[in-house]
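Data block below; observations after.
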Amino acid sequence: MDTGHIVSICVNGEDKTRQISDWEIWWGDKKNELMLTCHFPSGKSYFRPLNECKITPIREFQGTFITKKGSVVLSAVDKAVVYGEKYAVVQYPGNQKVYIMNVDGIEFFPTTTIKDEAIFRYFVSVAKAREEQAKPQDKKQIAENVLHQLERVLPHADTALHAYCTGRNRPQERAENFIYPFGINESQLRAVEQAFTSQISLIEGPPGTGKTQTILNIIANIVLRGKNVAILSNNNAAVENVYEKLGKAGLDYLVAKLGNAENRKDFFAGAPAIPSGDPAPAPAMHRIQAVLQQLKQSLHTRNAVARLQAEIDELTIERGYLRQWQEENGVEAPAPLDKYKLSPRKTADLLAYLAHLAERRIRLKDRIELLLDFWILRTKPFGDWEKRKSVIYALQLHYYDTALQEKDSALTAYREKLKRGNFDALLDDLTTCSMTHLKCYLHQHIPNQETFDSENYRKNFDAFLKRYPIIGSSTHSVVNSIGRGAILDYVIIDEASQQDIVPGILALGCSRNLIIVGDRKQLPHIPANLGIVPPAEFYDCDKYSLLDSCVGIFNDSIPTTLLKEHYRCHPKIIQFCNQQFYDNQLIPMTQDSGEKALKLLVTAKGNHTRSYSNRRELDSLLETLKCDRENEWDSENGRGFIAPYNAQVSLSRTHLPADFVKDTVHKFQGRECDEIVFSTVLDKKRSSQRGLSFVDDPHLVNVAVSRAKNRFTLVTGDDVFATNNGHIAALVRYIEYYADETQIHRALVVSAFDLLYKEYDQSLERLNTRLRPSDSRFKSEQIVAQILRDVLSQEPYRAMTFHSQIALIQLASSANTALTERERDFMRNRASCDFVLYFRVGKTPLGVIEVDGGCHDTVRQTERDALKDSILKKSEIPLLRLQTVESHIEKKVAEFLTQWTSNARTV
C-alpha cells in the first residue's frame, strides 16, 4: 500500500502495510465489535477484529466537538479515535453505540473550560436569581427558558462569547468588494467596512442616522459571502424595520422570523416563496467597485455641504442677535470696512488687538503692528476710545458678514462639485447595481427544493440556513430558535444599549462574530438589582447593558463607528442633542427653511405637582393649543405627548386631544412623531435631588427631544431646573436662544390661588425677558448686567457706566509694592473681573462686582477669589461679591453704587 509511509497496519503482530492496497474500518453487527478489512492488489481481502490489529498513527480525543465540514452544527463527543487520518470512531455522551466516519468530511474542535469559570458561573447565578424572583408566570417562563438555553451554550473557542469572557477580540482579514444595495453615506460606508475587520465590532447609531439602512447593507454583504446572520434585539418589535425594508426590496424570502414558539408557528404558516423568473443580468463586481470609488469623494463633499449649511445657519442667528443688541444700545449702522480687506480671522485678530489697546493711546509700536499685521496705515479712526468703540462694533458685524460670504462661497463651490460629479446619479447607480448583483447571486445560490416546518427545520438546520440565511429572533429565544449545537457566522444585536447582559450572552454563545448596534446616549436597560457580586467590573448585570459591557471589556480593541449623518429631525431640534450630547459630531442632513420648530411653555411658579402628575402643565398646553392656530395641520406621523412619569401620561389621556400619542419617554424610545410635547412634571417644591436626577437624566432628555421630526415643545415649571443647571436647563436656554420669540410662552394659565405660594413672584418676569445672552454665557452674569443697566438708568447713577470681563491687570497696577509675587502671577495669568464700574467722564475705575456661582465652592476657585479680593483691597478698589443664592440683588447693587453718587459725596 502506497501511503507515503504515513500509515502502518499490523495484524496479529505482523506488518501488512506493504502488502495491502487499501483498508477500511467497519462495525461488525454479528460480533458487535469494530472490524478491519485489508484489501490486496489481487482483489482479495480479509477482515479481522480491530482489537487484533494495530494502526499507526492514531489520535484520541475526549471532551471535544465534531462537525461535518461546511456545517454550522456541532456535537459534543465523549470519545473519538482517529485511525491513520482516514477513519474516526466516535462515541457520543450517554450512547454506547459507536459511529465510524470518514475523516475527510469532518472536523474536530476542542472544548474550553469557559462554562466552568467564574464569569459564566456568575451569569448562571444571575439567570437563576431572576428565575426565582420572576413574576407573573409569563415572565417566570421566560426566565426559566433563558436558564435552560444557557445550559445549551457550547464552550467553543471560536464563539463571540469566548471572546467576551476572555476579553480578547480577534481581528479578521480585511474584506473587499462591498456592495450597498440600500444606499449609503460616508459614516455608513465606514461602519459596513469596519464590521468585517474584527470578531466583535460596534456601531453607534444616534437617532435618525440610518441604523436600519446600515444593518441592511451589512446583512447584504454577509449573505453575498455565503454566510448566515441572525438579527436580534431584546424584543421582536425592534427588528420589524429590518423585516419591512427587506420586504420592500423583495428579499423577505431570505428571512426566517423565528423567536418564540408562536412566532415560529406564524412564520412557517406563511413563509414567503422564492421569487419566480430570472433576475436582470448582474453587473460585474469591478464595475460596482469603480462606481463606489467615484462616489466616496462625493460622499465627503455632501457632508461638507451639510456642515457648511449648519454653520451658516448658526452665524446668521448670531448676526441677528448682534444687530439687535446694537440697535437696542443705540449703535448706528457701522460703516463698512471693506477697504481693509480683512478676512474673518484677521477681523477677529483686529478685534482682539483693539480690545487689548482699550483706552490707552496708540504708540509707535502699535502703529507698526497695525501696519504689519493688518495693513492699516492711518490710525486716526482708532485715535480715541469713542472712535475705537465704533470700529469695534463695525468689526463685530464685519466678522459675521465676511464669514458668511466666505462660507456661502465655499458652499456654492461644493454644490457645484457635487453637480459636476453627478452625485445623485452615481448613488443611484451604486444602489441599483448592488441590488441587481445581490439578487443574481441569490438566484444562483438559494435552493428551492426542500420544505421545512416548525418540527423538522432544526433537524436539517444546515439546509435550512442555506434557504434562509437571515434569522430573526429575540435574544432570549435565539438558542431555542436554531438547530441544537449550531454556531452562526454572524449575529447583529440592535438596540444593544437596552439589552441586558443576560440574556444577551445567549446570542454571543451561538455566533462566531458579533456586531453591536446601539447608542450609549439613549436610555439604557433597567435591570433588576440582584446584588450578586460580579467577577469583574464590566460584567456587572446590575450596572451595565450589553453595549456598555462590551465597550468596557474590549476598550480600544473594538472597532467603533459613529453614524453622523442625521436625517430625521429639523436642524434646530437635532442641534440641541448634537451640542449637548454628541459633541457636535452629528451632521444634520435636513433643511431649515425658517419653520417654527421649537416652542417653550413655562408654567407659573407654584406647587403644581401631585403624585408625579402636573395638571398645570397640561392646562397651559391646552391654552396654547387654543391660541395657536398653526397647530391645525396635517401630518403623516402625528403628534405625541411624552413625560417621565406614568401618572402624567395617564392624566394626559383625560385632558389632551385624542390625536396625541401619549406615553412615557422610556416607552417612546425607537418611535417618532412629527410633533412632540415633552412635559417635565416637577415643580420647584417637589424637585428633590432624586426627582431632578431622574427627569434631568441625559439619556431621557436626549430621547425626548430626538423623537420630534418637525416640532418640539417643552412644557416645564418656572425655574424648576435652573439651580440644577443640567440638561433641561440647557434645553430651556437653547429654545430661548433659537426659537422665534412668539414661540416662548410664560405662565399662560395663572390661578388666583397661586398667590398663596411663596414661589410666586411676577416681579422678576420683566427682568428675565430682557436678559441678553450677548452679555455672558452665564445667566447669573446676564442678570447682574441687566440690573446694572436698570440702576444706572436712574437719575442718581447716570454719571456711571460699567464694562464686563475686564482684565485685572488693567485695573490694578502690578507695580504696587504691597502685592505678593503670587498675586502678581495671578494678575499676569489673564485673571479678569466680572463687572467694573466707571465714571462716564474720565473713565476712572470705581469698583468691581463679582458674581459667585456654584463653581465658587471648589478649593481652587476659593483660592482664586481670595487672591482677587486681596489685590483689589491693596489697590483700594471696592468690591461687591454677589452669590447666586442671595436675594435682594437690586438693592445690594444700588447700595454699592450709592457711595459714588452726588448725594453721597455731598454728605
- Please name all residues satisfying side chain to side chain donor-acceptor pair (under 3.5 Å) with Arg484, sequence neighbours left out, ordered by chain then number.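 Expected list: none.
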- How would you list, by chain and number, every residue that makes a side chain to side chain donor-acceptor pair (under 3.5 Å) with Glu537, sequence neighbours excluded?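 Only Lys543, Tyr544 meet the side chain to side chain donor-acceptor pair (under 3.5 Å) criterion with Glu537.
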I want to check something: taking the side chain as every heavy atom from C-beta on, are [X] and [Y] in contact at a cut-off of under 4.5 Å?
{"X": "Leu523", "Y": "Leu700", "answer": "yes"}
{"X": "Ile446", "Y": "Pro469", "answer": "yes"}
{"X": "Val229", "Y": "Val491", "answer": "no"}
{"X": "Thr561", "Y": "Leu202", "answer": "no"}
{"X": "Thr212", "Y": "Phe182", "answer": "no"}
{"X": "Arg174", "Y": "Thr197", "answer": "yes"}

Minimum heavy-atom separation for [X] and [Y], please, with both atom names.
{"X": "Ala157", "Y": "Arg170", "answer": "O-NH1, 4.5 Å"}
{"X": "Arg711", "Y": "Ile573", "answer": "N-CD1, 3.6 Å"}
{"X": "Thr214", "Y": "Ala191", "answer": "CG2-CB, 3.8 Å"}
{"X": "Gly183", "Y": "Gln188", "answer": "O-OE1, 4.3 Å"}
{"X": "His162", "Y": "His156", "answer": "CB-O, 3.5 Å"}
{"X": "Pro181", "Y": "Thr431", "answer": "O-CG2, 3.1 Å"}

[X] atom [atom1], neighbour heavy-atom count above 12 within 6.0 Å:
{"X": "Arg653", "atom1": "CZ", "result": "yes"}
{"X": "Tyr612", "atom1": "OH", "result": "no"}
{"X": "Lys140", "atom1": "NZ", "result": "yes"}

Exercise. Measure up the Phe452 and Tyr468 rings against each other and bin them: parallel (under 30°), tilted (30 to 60°), perpendicular (over 60°).
Key: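 The arrangement is perpendicular - the two ring planes meet at more than 60°.
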is_close_aromatic([X], [Y]), centroid dist under 6.0 Å:
{"X": "His727", "Y": "Phe581", "value": "yes"}
{"X": "Phe196", "Y": "Phe178", "value": "yes"}
{"X": "Phe538", "Y": "Tyr164", "value": "no"}
{"X": "Phe268", "Y": "Tyr457", "value": "yes"}

Any luck finding a side-chain donor-acceptor pair between [X] and [Y] under 3.5 Å?
{"X": "Gln498", "Y": "Ser545", "answer": "no"}
{"X": "Gln199", "Y": "Gln172", "answer": "no"}
{"X": "Tyr180", "Y": "Asn221", "answer": "no"}
{"X": "Asp519", "Y": "Ser497", "answer": "no"}
{"X": "Gln194", "Y": "Ser201", "answer": "no"}
{"X": "Gln499", "Y": "Asp494", "answer": "no"}

Pair [X] + [Y]: basic N to acidic O under 4.0 Å:
{"X": "Glu204", "Y": "Lys521", "value": "no"}
{"X": "Asp500", "Y": "Arg130", "value": "yes"}
{"X": "Arg190", "Y": "Glu186", "value": "no"}
{"X": "Arg671", "Y": "Asp663", "value": "yes"}

TODO: For the pair Leu506 and Thr475, evaluate side chain to side chain contact (heavy atoms under 4.5 Å, CB included) and give the outcome as yes or no after the intermediate values.
DONE: CA-CA 7 Å; Leu506 293 175; Thr475 47; 6.0 Å; no
Discussion item. Cation-pi check for Tyr490 against Lys227: NZ or CZ below 6.0 Å from the six-membered ring centre and within 45 degrees of the axis, yes or no?
Written reply: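 The answer is no, since Lys227 fails at least one limit relative to Tyr490.
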request  = Name all residues meeting the side-chain contact (heavy atoms from CB on, under 4.5 Å) criterion together with Ser613; count only those two or more places apart in sequence or in a different chain, and write none if there are none.
outcome  =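 Checked Ser613 against side-chain contact (heavy atoms from CB on, under 4.5 Å); matches are Ala647, Gln648, Leu651.
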ask   = In chain order, what residues pass the side-chain contact (heavy atoms from CB on, under 4.5 Å) check against Asn578, with sequence neighbours excluded?
value =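 By the side-chain contact (heavy atoms from CB on, under 4.5 Å) rule, Asn578 matches Gln575, Tyr582, Asn584, Leu586.
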[X] side chain to [Y] backbone, donor-acceptor under 3.5 Å:
{"X": "Asp542", "Y": "Asn529", "result": "no"}
{"X": "Thr590", "Y": "Cys569", "result": "yes"}
{"X": "Ser549", "Y": "Leu546", "result": "no"}

Practice task
Measure the CG-NE2 distance between Leu232 and His476 for me, rounded to the nearest 0.5 Å.
Solution key: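 Going from the CG atom of Leu232 to the NE2 atom of His476 covers 10.5 Å.
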- Which residues pass the ring-ring contact (aromatic ring centres under 6.0 Å, His included) test with Phe694, sequence neighbours left out?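 Applying ring-ring contact (aromatic ring centres under 6.0 Å, His included) to Phe694 gives Tyr645, His666.
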*asked:* Phe461: which residues meet the ring-ring contact (aromatic ring centres under 6.0 Å, His included) condition with it, sequence neighbours left out?
replied: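 Phe461: ring-ring contact (aromatic ring centres under 6.0 Å, His included) contacts with Phe464.
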Which residue in the set Thr713, Asn710, Asp659 passes side chain to side chain donor-acceptor pair (under 3.5 Å) when paired with Arg639?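 Going through Thr713, Asn710, Asp659 one by one, the side chain to side chain donor-acceptor pair (under 3.5 Å) with Arg639 is satisfied by Asp659 alone.
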Q.
What verdict does the side chain to side chain donor-acceptor pair (under 3.5 Å) test give for Asn145 and Asn480, after you've listed the backbone C-alpha separation in whole Å, the side-chain angles of each residue and the deciding distance to 0.1 Å?
A. CA-CA 9 Å; Asn145 194 21; Asn480 283 343; 2.5 Å; yes
Picking from Arg458, Gln149, Arg264, what satisfies side chain to side chain contact (heavy atoms under 4.5 Å, CB included) with Ser481?
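For Ser481, the side chain to side chain contact (heavy atoms under 4.5 Å, CB included) test succeeds with only one of Arg458, Gln149, Arg264, which is Arg264.
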